[in-house]
Amino acid sequence: DLWQGIDFSRSKAEARVDGSTGVKFSDVAGIDEAVEELQELVRYLKNPELFDKIGIKPPHGVLLEGPPGCGKTLVAKAIAGEAGVPFYQMAGSEFVEVLVGVGSARIRDLFKRAKVNKPSVIFIDEIDALATRRQGIFKESTDLLYNAATQERETTLNQLLIELDGFDTGKGVIFLAATNRRDLLDPALLRPGRFDRKIKICPPGAKGRLDILKIHASKVKMSDSVDLSIYSQNLPGWSGAKLAQLVQEAALVAVRKGHESIVQSDMDDAVDRLTVGPRRIGIELGHHGQCRRATTEMGVAITSHLLRRYESAKVECCDRISIIPRGQTLSQVVFRRLDDESYMFERRPQLLHRLQVFLGGRAAEEVIYGRDTSKASVNYLADASWLARKILTIWNLENPMVIHGEPPPWRKKVKFVGPRLDFEGSLYDDYDLTEPPLNFKLDDEVARRTEELVRDMYDRTLAMLQRHHAALLKAVKVLISQEEISGEEIDFILDNYPPETPISVLL
Ligand code: ADP
């Protein structure tokens, strides 16, 4: 017999011998409400008899629901760790086998072992793999293998339901499961008496991200000079897993560079690696290309610094610029995000300042190269026109404009992404940059006024950069020679090359 000697029915979950996962709630951050709710399970696991005596029924099953990497497994382990009880973990997919009866046998085995070693915790990750909605009457398909697999999964799910229903006899065992697709789950599983608790594990907000970074930073050697708040603020949408990976990556970079501990530039490098990719070898720009690239990027960055300095503009300041090609991009400007509220209630002056920032790329080219401008700044120009059009039309923030008759057809097509509490992706995500269809009939008036607005803002930006041409030139030179420059360095240059510095100072 081919299968002789192989016991398929045993679940692969092995609790650690010492009965503890070693994970504590202090290892978890950013999901305080969930942790608060789960404390009760720990109290129960520590003393199930007491709950019995008083007559409190422990929850049957707890469903942790949320996107990947936000700490579902971690928090489940922490429950077992805090209570000091064995932890039996399996993934839903491990129950799904084509061999008849194997899945349900594994379920039985898992619950049996957890009961023998009670109090204990069972955790099934990605339960959706095993507990997708049953088909009801078994649909006949011509694919025999498909039929067998579906039937087998349903048998396994039935076994799970039986175990959950018979839980009263197995007091002292807490059953936890995780999913990011609750909509796929079989409704029978969600009925009262099965999962009576459903807890959402949400992606962390800015404060949560900072706390998570602190936890992971404490596990490596990180220099005190590293300001973690920059990263929590600048990486919206990042999960705990991604933040943990960031710290690991930074540690690797530090080792590679021979640093004693992780410094700020290692963290920056790690962010770039995880977002745009590692340095791309083989597409080094020539000197000419590098100069253009550095000029446009510096134009954008320095415009934001100048506007903040002299006009108290509420625009993002530049954290750093890199002209190292990575992944798909030749260069990157990283801006420091403002607080979320600033984005929610952006006002006209703020938006006009941002328009100027976009236009800074082309204006810097004009300051340095005269009319010999290039395509290097064309993307920023496109961003600028789009923003100007939105200021005039959708937001109607310039002299209110009556748009006659029906709203223009493209207006209906534009998906207006309103302010969001947590932003995903890059800085300008909250502007939906979907282009309206090319054949849209933009009112002549809108076209004329867009041009007027862009031109006006461009002239202002150009005049400002001309006054500060010495600082601009110096900063571009530094960027080209170092390939990277920080926001502080830009500020330092601005301090030392005040407006109208004669260009001869530089030569
Ligand atoms: P999930 O089960 O939700 O997919 P995990 O719990 O497996 O996510 O997270 C993977 C790793 O990411 C964890 O081991 C931990 O290092 C880190 N992590 C995720 N979320 C958090 C969090 N909220 N606090 C601290 N670390 C976290």
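Note that ligands are numbered from 1 as they come in the structure, with each ligand's atoms numbered from 1 the same way. Source: prediction; values computed, not measured.
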Heavy atoms only: which of Ala78, Cys70, Ala34, Ser239 is nearest to atom 20 (N) of ligand 1?
Cys70
Are any of the N/O atoms in Ala244 less than 3.5 Å from those in ligand 1?
no
Students should be able to answer this: which protein heavy-atom is nearest to atom 13 (C) of ligand 1, and at what distance?
Leu74 CD1, 4.1 Å
Distance-only side-chain donor-acceptor flag, Glu297 / Tyr380, under 3.5 Å:
yes
Between Arg182 and Glu65, is the closest basic N to carboxylate O distance under 4.0 Å?
yes
Between Phe111 and Tyr88 (judged by ring centroids, cut-off 6.0 Å), do the two rings come close enough to count as a pair?
no
Does Lys257 come within less than 4.0 Å of Asp269, counting only side-chain N to carboxylate O?
yes
Identify the closest protein heavy atom to atom 25 (C) of ligand 1: which residue and atom is it, and at what distance?
Asp27 O, 3.3 Å
Report yes or no: does Ile215 have a heavy atom closer than 4.0 Å to ligand 1?
no
4.0 Å heavy-atom contact, His216 with ligand 1
yes
If we number the atoms of ligand 1 from 1 as shown, the ones under 4.0 Å from a heavy atom of Ala241 are 10 (C), 12 (O), 17 (C), 18 (N), 19 (C)
Return yes or no for this condition: an N or O of Asp125 is under 3.5 Å from an N or O of ligand 1.
no
If you count the atoms of ligand 1 from 1 in the order shown, which ones are under 4.0 Å from a heavy atom of Lys72?
1 (P), 2 (O), 3 (O), 4 (O), 6 (O), 8 (O)
With no hydrogens and no angle check, just 3.5 Å: does a side-chain donor-acceptor pair link Thr156 and Gln159?
no
Does Asp211 come within less than 4.0 Å of ligand 1, judged by its heavy atoms?
no
For a quick check under 3.5 Å, do Tyr343 and Gln350 share a side-chain donor-acceptor pair by atom type?
no
Please determine if Arg309 and Asp491 form a salt bridge, counting it only when a charged side-chain N lies under 4.0 Å from a carboxylate O.
yes
Per the side-chain contact (heavy atoms from CB on, under 4.5 Å) rule, which among Lys314, Arg354, His353 passes with Leu307?
His353
For Pro68, atoms of ligand 1 separated by under 4.0 Å from a heavy atom
4 (O)
If you measure only the distance, is there a donor-acceptor pair under 3.5 Å linking the side chains of Asp52 and Tyr44?
no
Can you check whether Ile31 has an N/O within less than 3.5 Å of an N/O in ligand 1?
no
closest protein heavy atom to atom 4 (O) of ligand 1 is Gly69 N, 2.7 Å
Would you kindly say whether Arg336 and Gln233 are connected by a side-chain donor-acceptor distance under 3.5 Å?
no
Return the residue, atom name and 0.1 Å-rounded distance of the protein heavy atom closest to atom 2 (O) of ligand 1.
Thr73 OG1, 2.6 Å
Between the candidates Gly30, Gly240, Ala29, Gly71, which shows the shortest non-hydrogen contact distance to atom 23 (N) of ligand 1?
Ala29
